Amino acid sequence: MAKEQMQPELFEALLHVINMETGSSQRKLEILFDSRGFFSAEQATRILYAFAIPSDKIRAIQILEPRLCRMTCVEGKDIIGAVSVHNDKLIVLDCIKRALTDCQMRIGAEYILSAFPFENDKMRAMGILQTVGSCVGDAVPAGGHQGYAALGGLYTQARPLVPQLYGSVAQQAKNIPGQGQIEIPPHAEPGVVPSVYTGHPSYAYPADRSYAQDRGYPGNRALETFTFPKVYPSGAPPLGYHTGAPAPVGFPGLSPTGY
């Protein structure tokens, strides 16, 4: 049966009583210990912020440990951030590790590790997470479920002459996350419309329109290619496309005269 968090009205009343107790920090812990109900990650974070002394925060999270609801690593990171002492962060993680739902996923572990600034603390935090993790999914099954039959026979789910029900061990090992061939997208193919999916075989942009099509305002005619006459007029011979007559300057074709 899943644990249900304390009603907001009851929690606000409990938090108000804890905040109003200013004479003794021990009395605050007693109020928390005498309360009833389960706490969500947000509620547990607010309770830790109600205690000013670091040692009281540790005692508070130890009281809350069996009464925590299931939470994600993002929510667990907020609880760890409620304490300031680095070694206390590891103690808090050890208290909430059984309530984390996605600590075996890589993204979940990254959220937890991001709450620790030092490399040594990250390594210790990873060791704490591994105490509640299971690596059964990383193992490769050798065959199917088998049971002993009469006269030395076996009941098996595998087909005859196929001892590996789930395929060869080498092929199964390639399907384990992080193993096997790396899937690299192929090179882009021109003229193919790109896709929103990352595994699409092409990321090329579609062919763009030409300048004449893009700037072809109504009434404008396309530029005509200018051709030099074979027989030049009298005078000095042309020295090149831009130094001789009849188009010594400018861009040919912009005007009927060539200038």
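As the structure is a computational prediction, the values presented were derived from the model and not from experiment.
- Both Leu29 and Val17 are members of a single hydrophobic cluster when ILVMFWY side chains are connected at heavy-atom separations under 4.5 Å.
- Contact check for Thr131 versus Lys97: side-chain heavy atoms found under the 4.5 Å cut-off.
- With contacts defined as side-chain heavy-atom distances shorter than 4.5 Å, the pair Asp121/Lys89 does not qualify.
- Residues Thr22 and Lys28 fail the side-chain proximity criterion, which asks for heavy atoms closer than 4.5 Å.
- Residues Leu14 and Leu10 fall within the same hydrophobic cluster, defined by Ile, Leu, Val, Met, Phe, Trp and Tyr side chains chained together at heavy-atom separations under 4.5 Å.
- Put simply, the side chain of Glu4 does not reach to within 4.5 Å of the side chain of Phe38, judged on heavy atoms.
- Arg27 and Glu30 are joined by a salt bridge, as a carboxylate oxygen and a charged side-chain nitrogen come within less than 4.0 angstrom of each other.
- Here OG of Ser114 is found 8.5 Å from CD1 of Ile80. Values are rounded to the nearest 0.5 Å.
- Annotation: side chain of Glu12 is in contact with side chain of Arg46 (closest heavy-atom distance under 4.5 Å).
- Across all non-hydrogen atoms, the minimal contact from Cys69 to Ala99 is O-CB, 3.6 Å.
- Both Phe33 and Phe51 sit in one connected hydrophobic cluster of ILVMFWY residues. Membership requires side-chain heavy atoms under 4.5 Å apart, directly or through other members.
- Shown here for Met6 and Gly37, the closest heavy-atom pair between the two residues is CE-CA, 4.2 Å.
- Of the inter-residue distances, the one linking Met20 atom CE with Ile31 atom CD1 reads 10.5 Å to the nearest 0.5 angstrom.
- Counting Ile, Leu, Val, Met, Phe, Trp and Tyr side chains that sit under 4.5 Å apart, directly or through other members, Val74 shares a hydrophobic cluster with Met105, Ile107, Tyr111.
- Between the side chains of Gln5 and Arg67, no donor-acceptor pair of N or O atoms lies under 3.5 Å.
- Of the possible polar contacts, one joining the Lys122 side chain to the Leu113 backbone as a donor-acceptor pair under 3.5 Å is found.
- The cluster map of Ile, Leu, Val, Met, Phe, Trp and Tyr, joined by side-chain heavy atoms under 4.5 Å apart, puts Leu90 and Met123 in different clusters.
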task: Applying side-chain contact (heavy atoms from CB on, under 4.5 Å), run through Val132 and Cys103 and close with a yes or a no.
output: CA-CA 9 Å; Val132 292; Cys103 62; 4.1 Å; yes

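- Considering only heavy atoms from C-beta on, Leu64 comes within 4.5 Å of Leu32 through its side chain.
- Between Val83 and Lys57, the closest heavy-atom pair is CG1-CD, 3.9 Å.
- The local environment of CD in Glu42 is sparse, with at most 12 non-hydrogen atoms from other residues, nucleotides or ligands closer than 6.0 Å.
- Using a 4.5 Å cut-off on side-chain heavy atoms (C-beta onward), Leu93 and Leu129 make contact.
- Atom CG of Leu68 and atom CD of Gln43 lie 10.5 Å apart (nearest 0.5 Å).
- Residue pairs meeting the ring pair (Phe, Tyr, Trp, His ring centres under 6.0 Å) criterion with at least one member in residues 59-108, sequence neighbours excluded, are His86-Phe118.
- You'll find the side chain of Ile112 reaches within 4.5 Å of the side chain of Leu100, heavy atoms only.
- Note on Val85: it does not cluster hydrophobically with Ile91, by side-chain heavy-atom contacts below 4.5 Å among ILVMFWY residues.
- A distance of 11.0 Å separates SG of Cys73 from NZ of Lys77, quoted to the nearest 0.5 Å.
- Side-chain contact of Ser25 with Asp56: a donor-acceptor pair under 3.5 Å is present, judged by distance alone.
- Closest heavy-atom contact between Ala44 and Ile79: CB-CD1, 4.1 Å.
- Within the model, atoms CD1 of Ile58 and CD1 of Ile63 stand 11.5 Å from one another, a figure rounded to the nearest 0.5 Å.
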- prompt: Stepwise, does the salt bridge (Lys or Arg N to Asp or Glu O under 4.0 Å) test hold for Arg70 with Glu75?
  reply: CA-CA 10 Å; Arg70 304 290 286 176; Glu75 298 171 336; over 6 Å; no

